[in-house]
J.: 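One structure coming up, written as structure tokens, with questions to follow.
Both backbone and side-chain heavy atoms feed into the values below; hydrogens, waters and symmetry mates do not. A quick note: this is a predicted structure, and the numbers were derived from the prediction, not measured.
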Amino acid sequence: MDFQLSDDQRALRSGMRDLLGAVFDRDRLRAAAERDGALDRSLWRELGAAGFFALRLPEEAGGVGLGLPEAVLLFEEAGRALLPGPLVATHLAAGLVKGAAEGEAVVTAVAGELPVAHLAEADAVLVGTDALAREPLVGEALRAFLAAARPVRSMDPLTPLHRAPADAERAPAASERTRADAERAPAATERAPAHAGRFRFEAALLTAAEQLGSAARTTEAAVQHAGDRKQFGSPIGSFQAVKHLCADMLARTEPARAAVYAAAVTGDPVEIAAAKLLADEAAVRNARDCLQIHGGMGFTWEADVHLHLKRAWLRAASWLTGAGAEELLAAGLGTAGRLPRSSAAYGRPVREAGGGG
């Protein structure tokens, strides 16, 4: 099977990188950090106009009509740029929450016990691991939910967090309106059948794609700094210890890329778990090594390395934790040769973490 990107996919990825370079450059990144991660609604609408959120909606529903492999490419670029906001939840809510596809609505999600990202700015909240089958919280219900939540300190200055109420996942089942909206959501395929667990696993995969983008960016930053920074009259990249760090970063990024791209094609939960595990490791460890290569300046607020590390830590705990992914992989190995390729696979009990973005 050929996993090389098509010309259209390369153009899609290149176009998103150009767009983010124009609307979310380093100056805007630092400005977002200074305002404690408060969302820029104009940026959100720019993403909506570019089809970021409506990418997988059918064309007849006002979407682009592409699939999960293309969505992974866009989220990889978002992770590379450290784009803030509940991108995953809003993307998955397109067609379910009014305005989500166009970028007019900000949608976050709560699943598990971890804090919820960007709750104070959300127009809707998706609740539970089967959020596609439940009524999202909007209006009075959302205001009551926010009033019962409490802000908590976030390790990532670009991601404000709230602790959700203890009974947050006791949301009502989907109404007739929501079921009608769901008919316009991305269609289920043989690779990604309709089921309650699909939301969580697709969210985990898109989060893994963001981790992949961050891992690739920190690798590039480390290599560039190693070539520019000089000690004892030579670039530090000429020293064997630094060479090994950079090589290790690449050796983590490329297997993670292969796993994420493959999981996007198959939609299989076991492969998604493997992709999340590899992407989390690549993002966190690459950011650590990048910081090491930058030396003392890597620890400073002015450098961007710490932002990648903090976001990588946060994403690693979202949707599917390392422990949960390992349990799912172990269960898959226990049934090797007869792995389910249907909705039953998503129904395995797996330790999970919160969503939020």
J.: In this structure, are over 12 heavy atoms from other groups packed under 6.0 Å from R163 atom CZ?
T.: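 Enclosed: over 12 neighbouring heavy atoms sit under 6.0 Å from CZ of R163.
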J.: Surrounding CZ of R13 (heavy atoms of other residues, nucleotides or ligands, distance under 6.0 Å), is the total greater than 12?
T.: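 More than 12 heavy atoms, drawn from other residues, nucleotides or ligands, come within 6.0 Å of this atom.
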J.: Return the minimal non-hydrogen interatomic distance between L142 and A124, and the atom names on each side.
T.: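 Shortest heavy-atom contact: CD2-N, 3.9 Å.
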J.: Do any pairs count as a side-chain hydrogen bond (donor to acceptor under 3.5 Å, both in side chains) and have a residue in residues 59-76, sequence neighbours left out, and if so which ones?
T.: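 side-chain hydrogen bond (donor to acceptor under 3.5 Å, both in side chains) check on residues 59-76 returns Q9-E70, E76-R257, E76-Y261.
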J.: Is there a path of hydrophobic side-chain contacts, each under 4.5 Å between heavy atoms of I, L, V, M, F, W or Y residues, that connects L245 with V223?
T.: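 Different clusters: L245 never reaches V223 through Ile, Leu, Val, Met, Phe, Trp or Tyr contacts under 4.5 Å.
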J.: Between F145 and P165, which heavy-atom pair has the shortest distance, and what is it?
T.: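 Closest heavy-atom pair between F145 and P165: CE1-CD, 3.6 Å.
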J.: Which residues satisfy the side-chain hydrogen bond (donor to acceptor under 3.5 Å, both in side chains) test with S154, sequence neighbours excluded?
T.: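 If we apply the side-chain hydrogen bond (donor to acceptor under 3.5 Å, both in side chains) test to S154, skipping adjacent residues, there are no hits.
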J.: Is it the case that the side chain of H294 and the backbone of C290 share a donor-acceptor pair, with hydrogens and angles ignored and the cut-off at 3.5 Å?
T.: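 Side chain of H294 to backbone of C290: a pair is present.
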J.: Between E77 and G213, is there a donor-acceptor pair closer than 3.5 Å when you use the side chain of the first and the backbone of the second?
T.: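 No, E77 side chain to G213 backbone: no donor-acceptor pair under 3.5 Å.
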J.: Look up atom CG in L82 and atom CZ in R28, then write down how far apart they are to the nearest 0.5 Å.
T.: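 It is 16.0 Å, given to the nearest 0.5 Å.
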J.: Give the minimum heavy-atom separation between A204 and L320, together with the two atoms involved.
T.: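 Result for this residue pair: CB-CB, 3.9 Å.
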J.: If you apply the rule side chain to side chain contact (heavy atoms under 4.5 Å, CB included), what do you find for E46 with F52, and how did you get there?
T.: CA-CA 9 Å; E46 288 261 17; F52 187 95; over 6 Å; no
J.: In Å and rounded to the nearest 0.5 Å, what is the CG to CG distance from N286 to L291?
T.: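 The distance works out to 12.5 Å.
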J.: If you take all heavy atoms of W319 and A109, which pair is closest and at what distance?
T.: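 Minimum heavy-atom contact is CH2-CB, 3.7 Å.
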J.: Which atom pair, heavy atoms only, marks the closest approach of L161 to A117?
T.: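 Residues L161 and A117, closest heavy atoms: CD2-CA, 3.9 Å.
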J.: Side chains of F201 and L205: does their closest heavy-atom pair fall under 4.5 Å?
T.: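 Side-chain contact under 4.5 Å: no.
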J.: Just so I know, are the side chains of E220 and M249 near enough to count as touching, which here means a heavy-atom distance under 4.5 Å?
T.: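 Counting from C-beta outward, E220 and M249 never come under 4.5 Å.
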J.: Does anything in residues 81-90 form a salt bridge (charged side-chain N to carboxylate O under 4.0 Å, His left out)? List the pairs, not counting sequence neighbours.
T.: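 Sorted pair list comes back empty.
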J.: To the nearest 0.5 Å, tell me how far R285 CZ sits from T253 OG1.
T.: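 One finds 11.5 Å between CZ of R285 and OG1 of T253.
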J.: Output yes when a side-chain donor or acceptor of R56 lies under 3.5 Å from a complementary backbone atom of A71, and no otherwise.
T.: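 Checked: no pair found.
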J.: Checking S214 now: which residues fulfil side-chain hydrogen bond (donor to acceptor under 3.5 Å, both in side chains) with it, not counting sequence neighbours?
T.: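 With sequence neighbours excluded, S214 shows a side-chain hydrogen bond (donor to acceptor under 3.5 Å, both in side chains) to H308, given in chain and number order.
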J.: State which residues pass side-chain contact (heavy atoms from CB on, under 4.5 Å) with D40; sequence neighbours excluded, sorted by chain then number.
T.: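 Applying side-chain contact (heavy atoms from CB on, under 4.5 Å) to D40 gives R35, S42, L43.
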J.: Does D7, at its CG atom, have more than 12 non-hydrogen atoms belonging to other residues, nucleotides or ligands within less than 6.0 Å?
T.: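 Not buried by this count: 12 neighbours or fewer within 6.0 Å.
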J.: Tell me if the CD atom of Q231 is crowded by more than 12 foreign heavy atoms within 6.0 Å.
T.: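 Atom CD in Q231 is packed in, count exceeds 12.
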J.: State, with a plain yes or no, whether a side-chain heavy atom of P115 is found less than 4.5 Å away from one of H162.
T.: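 With C-beta onward as the side chain, the pair stays apart.
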J.: For the residue pair L96 and L126, establish whether any side-chain heavy-atom pair is separated by less than 4.5 Å.
T.: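 No. Closest side-chain heavy atoms not under 4.5 Å.
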J.: What are the two closest heavy atoms between A317 and L114, and how far apart are they?
T.: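 Minimum heavy-atom contact is O-CD1, 2.9 Å.
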J.: Tell me every residue that passes side-chain hydrogen bond (donor to acceptor under 3.5 Å, both in side chains) with R41, counting only those two or more places apart in sequence or in another chain.
T.: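 side-chain hydrogen bond (donor to acceptor under 3.5 Å, both in side chains) check on R41 returns D123.
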J.: Output the distance between atom NE2 (H306) and atom OG1 (T300), rounded to the nearest 0.5 Å.
T.: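 If I round to the nearest 0.5 Å, the distance is 7.0 Å.
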J.: Is V305 linked to I236 within one hydrophobic cluster, defined over Ile, Leu, Val, Met, Phe, Trp and Tyr using a side-chain heavy-atom separation of less than 4.5 Å?
T.: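 V305 and I236: separate clusters.
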J.: Would you check if L87 and F53 make a side-chain contact, meaning some heavy-atom pair closer than 4.5 Å?
T.: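 Result yes, sub-4.5 Å side-chain heavy-atom pair found.
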J.: Could you give the distance from CZ (F75) to CG (L83), rounded to the nearest 0.5 Å?
T.: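 Spacing of CZ (F75) from CG (L83) equals 9.0 Å.
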J.: What verdict does the salt bridge (Lys or Arg N to Asp or Glu O under 4.0 Å) test give for D280 and K276, after you've listed the backbone C-alpha separation in whole Å, the side-chain angles of each residue and the deciding distance to 0.1 Å?
T.: CA-CA 6 Å; D280 284 344; K276 182 68 161 55; 2.8 Å; yes
J.: Taking the side chain as every heavy atom from C-beta outward, state whether V138 and K98 have any atom pair closer than 4.5 Å.
T.: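 When only atoms from C-beta onward are counted, K98 and V138 do not touch, as no gap falls below 4.5 Å.
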J.: Does any part of the side chain of R30, heavy atoms only, come nearer than 4.5 Å to the side chain of D304, both counted from C-beta?
T.: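 Yes. Closest side-chain heavy atoms under 4.5 Å.
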J.: Find the distance between CG (L206) and CD (Q211) and round it off to the nearest 0.5 Å.
T.: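 Between atom CG of L206 and atom CD of Q211 there are 12.5 Å.
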J.: In the single-linkage hydrophobic clustering (I, L, V, M, F, W, Y; side-chain heavy atoms under 4.5 Å), do V260 and L250 co-cluster?
T.: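 In one cluster: no.
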J.: May I ask whether L68 and V64 are part of the same hydrophobic cluster, defined by side-chain heavy atoms of I, L, V, M, F, W, Y residues being less than 4.5 angstrom apart, directly or through others?
T.: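 Yes, L68 and V64 fall within the same hydrophobic cluster.
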J.: Assess whether a salt bridge exists between D248 and R252, defined as any Lys/Arg side-chain N lying under 4.0 Å from an Asp/Glu carboxylate O.
T.: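 No, D248 and R252 are not salt-bridged.
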J.: Using a 4.5 Å cut-off on heavy atoms from C-beta on, say whether the side chain of L307 contacts that of R311.
T.: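 The answer is no, as the side chains (C-beta and beyond) never meet within the 4.5 Å cut-off.
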J.: Indicate yes or no for a side-chain donor-acceptor contact from T90 to the backbone of V107 under 3.5 Å, with no hydrogens or angles considered.
T.: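 Yes, because the side chain of T90 sits within donor-acceptor range (under 3.5 Å) of the backbone of V107.
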J.: Would you kindly confirm whether V270 and L278 end up in one hydrophobic cluster when ILVMFWY residues are joined by side chain heavy atoms under 4.5 Å apart?
T.: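 No; tracing contacts between hydrophobic side chains, which count when under 4.5 Å, never links both residues.
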J.: Got a donor-acceptor contact below 3.5 angstrom from the W44 side chain to the A105 backbone?
T.: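 Between the backbone of A105 and the side chain of W44 there is a qualifying donor-acceptor contact (under 3.5 Å).
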